[in-house]
Amino acid sequence: MFEQIERVPGDAILGLIEAFKKDTNPQKVDLGVGVYRDAAGNTPVMRAVKEAEARLLKNETTKTYIGSHGAPAYGDVVLPMVLGADSAVLKANRASATQSPGGTGALRLAADFIASQLPGKGIWVSDPTWPNHHGIFTAAGIELHKYPYVDADNRLDFDGMLAALKKIPEGDVVVLHACCHNPTGFDLSQQQWQEVLAVLKERHLLPLVDFAYQGFGEGLDEDAYGVRLLAENLDEVIITSSCSKNFGIYCERTGCLILVAKDAEQMENVRSQVAIVARENYSNPPAHGGAIVSEILHDAELSAMWREELTEMRDRINTLRRDFVDALKPYGLDEKYACVAEQRGMFSYTGLTPEQVDRLRDEFGIYMVRSGRANVAGFSHENLPYLAKAIASVND
């Protein structure tokens, strides 16, 4: 039976990784991979994570299942991190946390929940969005639509976005990026979040907020502004959170599906259905990543250490954004690429064309996806002069 199965192209980013490894250019630069890297090009284990794991190793007494919703201790720390320690939503018991295999797992839980409990509802994603959004929601059988997000001049098209949201059929689901928009890096201002909220209310739309990079934009609380605004002002919100990035535990697959309901009783109804979805997908989530997060956030010393490390990562990325634009000044390109300094998070929609990206790879050994999305964490003070010169060459 397998004879009729066709081969499909591999993942574009994985292909970039392989091509980069084979490239013999000593000045080659990898801006494609989607993980944080330090100045030495490494993805380090955070000090707080190391200490938490040492404690877990010493004190762990069992490897039993943790249940479809995951470890309660994990939900107890993730909910206030996302919704706020003084959240009225939490005080009213309106929110439910379900531990998941990464933010991707949380998105698939959300997709299957929508497909089974809200049949016939369409889902709307920004154009562009994280490519896997398309695969996840389509695989769940949900009709996928797009709303504009970036204009032809590589700027946030908020007017176009808002106009499109006003035309979405009532009751449909709208995917919003809480911060550090992937792939563009363009985030909404607080005023723009207020305007989005008004449209969601008016059109009775259900927001699904993808919160993959909390702490990488402006700060843990600052990045949560939009999420908390919607949760406090709407009866129903879906949030997919990830601890993979801000704790640097990518391979531990540590995420959370948070659902906000109108009241505590409806929350329990929703929670019971999510348990079934999780059971049918993977039964129980992996425990170790959630245990690390719980150990850190339940301990004042480890929590302070983690926050300090996260701040260091965020400040490094934001500094590199400004330094990148400065490096282009001698070539008269600083204004053209000024948007890179304005964006937030690990990724930048540079505005480079696919043809320019191809030239950067073939002529200079600089690797990024053909959309022009670059991982800013791949910049360094050592490679910025080379990178700026190369970009100037392909802009001739």
Side-chain angles (χ1 to χ4, degrees), residues 65-100 103 105-123 137 140-142 168-176 178 193 196-211 224-242 255-285 290 294 297:
Y65 295 122
I66 59 174
S68 295
H69 285 296
Y74 176 70
D76 288 345
V77 293
V78 170
L79 283 172
M81 181 176 73
V82 171
L83 296 174
D86 298 321
S87 169
V89 173
L90 295 182
K91 292 176 181 177
N93 294 317
R94 292 177 50 211
S96 166
T98 299
Q99 188 173 339
S100 62
L107 283 163
R108 184 56 197 253
L109 285 182
D112 285 352
F113 171 79
I114 292 166
S116 64
Q117 300 303 310
L118 306 173
K121 299 299 182 184
I123 195 160
F137 297 122
I142 305 173
I168 294 176
E170 290 193 6
D172 272 8
V173 181
V174 178
V175 177
L176 300 163
W193 274 111
V196 169
L197 169 64
V199 175
L200 296 175
K201 278 185 173 181
E202 178 186 348
R203 300 295 301 163
H204 301 290
L205 302 174
L206 176 61
L208 192 169
V209 188
D210 191 348
F211 203 4
Y225 176 83
V227 176
R228 296 173 185 178
L229 178 72
L230 301 188
E232 298 284 347
N233 290 279
L234 297 173
D235 288 340
E236 298 161 350
V237 181
I238 301 174
I239 305 159
T240 57
S241 171
S242 173
C256 190
L257 172 64
I258 299 172
L259 290 108
V260 176
K262 184 177 182 180
D263 53 44
E265 183 177 358
Q266 286 190 14
M267 186 273 285
E268 291 297 341
N269 295 341
V270 167
R271 184 173 173 82
S272 69
Q273 294 291 345
V274 173
I276 294 174
V277 174
R279 174 76 177 170
E280 292 174 347
N281 267 286
Y282 49 78
S283 182
N284 280 243
S294 179
L297 295 184

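Scope of the values below: all heavy atoms of this structure, side chains included, with no hydrogens, waters or symmetry mates. In this text, all values refer to a predicted model and were calculated from it rather than measured experimentally. When a residue number appears, it is its place in the shown sequence, counting from 1.
Taking a 6.0 Å sphere around CD of Glu265, one finds it holds 12 or fewer heavy atoms contributed by other residues, nucleotides or ligands.
Closest of all the heavy-atom pairs between Ser294 and Ala73 is OG-CB, 3.4 Å. The two residues Thr240 and Ala110 have their closest heavy-atom pair at CG2-CB, 4.3 Å. Nearest heavy-atom pair, Ala115 versus Ala140, reported as atom, atom and distance to 0.1 Å: CB-O, 3.5 Å. Closest approach of Ala178 and Val227 over heavy atoms only: CB-CG2, 3.5 Å. A pairwise comparison of heavy atoms in Thr98 and His69 identifies OG1-ND1, 2.8 Å as the closest pair. Shown here for Ser241 and Val82, the closest heavy-atom pair between the two residues is OG-CG2, 3.8 Å.
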Practice problem: Could you give me the CA-CA distance, side-chain angles and deciding distance for Ser87 and Arg228, then say whether side-chain contact (heavy atoms from CB on, under 4.5 Å) is met? | Solution: CA-CA 8 Å; Ser87 169; Arg228 296 173 185 178; over 6 Å; no

Quiz item: Would Ile239 and Leu83 count as a side-chain contact (heavy atoms from CB on, under 4.5 Å) if you check the C-alpha gap in whole Å, the side-chain angles of each, and the deciding distance to 0.1 Å?
Solution: CA-CA 10 Å; Ile239 305 159; Leu83 296 174; 3.9 Å; yes

Quiz item: Does the side-chain contact (heavy atoms from CB on, under 4.5 Å) test come out yes or no for Leu230 and Leu200, once each step is laid out?
Solution: CA-CA 9 Å; Leu230 301 188; Leu200 296 175; 3.9 Å; yes

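Trp193 CH2 to Leu229 CG: the interatomic distance, rounded to the nearest 0.5 Å, is 8.0 Å. Ile142 contributes atom CD1, which lies 5.0 Å from atom CD1 of Ile123 (distance to the nearest 0.5 angstrom). Atoms CD1 and OG, on Ile238 and Ser96 in that order, are 11.5 Å from each other to the nearest 0.5 Å. For the atom pair CG (Asn284) and CD (Gln99), the distance works out to 9.5 Å, reported to the nearest 0.5 Å. Atom CZ of Phe211 sits about 12.5 Å away from atom CG of Leu176, to the nearest 0.5 Å. Taking CD of Glu170 as the start and NE2 of His204 as the end, the distance is 5.0 Å to the nearest 0.5 Å.
For the pair Arg203 (side chain) and Ile168 (backbone), a donor-acceptor distance under 3.5 Å is present. Arg94 places no side-chain N or O within donor-acceptor distance of the main-chain N or O of Ala264, the cut-off being under 3.5 Å. Of the possible polar contacts, one joining the Arg271 side chain to the Ala97 backbone as a donor-acceptor pair under 3.5 Å is found. Not one N or O on the side chain of Asp172 forms a donor-acceptor pair closer than 3.5 Å with the backbone of Lys121.
You'll find the side chain of Val89 stays beyond 4.5 Å of the side chain of Val237, heavy atoms only. The side-chain heavy atoms of Ser116 and Gln273, taken from C-beta on, include no pair separated by under 4.5 Å. Taking 4.5 Å as the limit, some side-chain heavy atom of Ile114 sits within range of a side-chain heavy atom of Leu208. Leu297 is not listed as a side-chain neighbour of Tyr74, based on a closest heavy-atom distance of 4.5 Å or more. At least one side-chain heavy atom of Tyr282 sits less than 4.5 Å from a side-chain heavy atom of Ser100. Looking only at side-chain heavy atoms (C-beta outward), Leu257 and Val277 stay at 4.5 Å or farther from each other. No side-chain heavy atom of Val77 sits under 4.5 Å from any side-chain heavy atom of Met81. Inter-residue side-chain proximity for Glu236 and Gln266 is flagged as met; some heavy-atom pair is nearer than 4.5 Å.
For Val270, the side-chain contact (heavy atoms from CB on, under 4.5 Å) partners at least two apart in sequence or on another chain are Phe113, Leu259, Val274. Residues meeting the side chain to side chain donor-acceptor pair (under 3.5 Å) test with Asn233, sequence neighbours left out: none.
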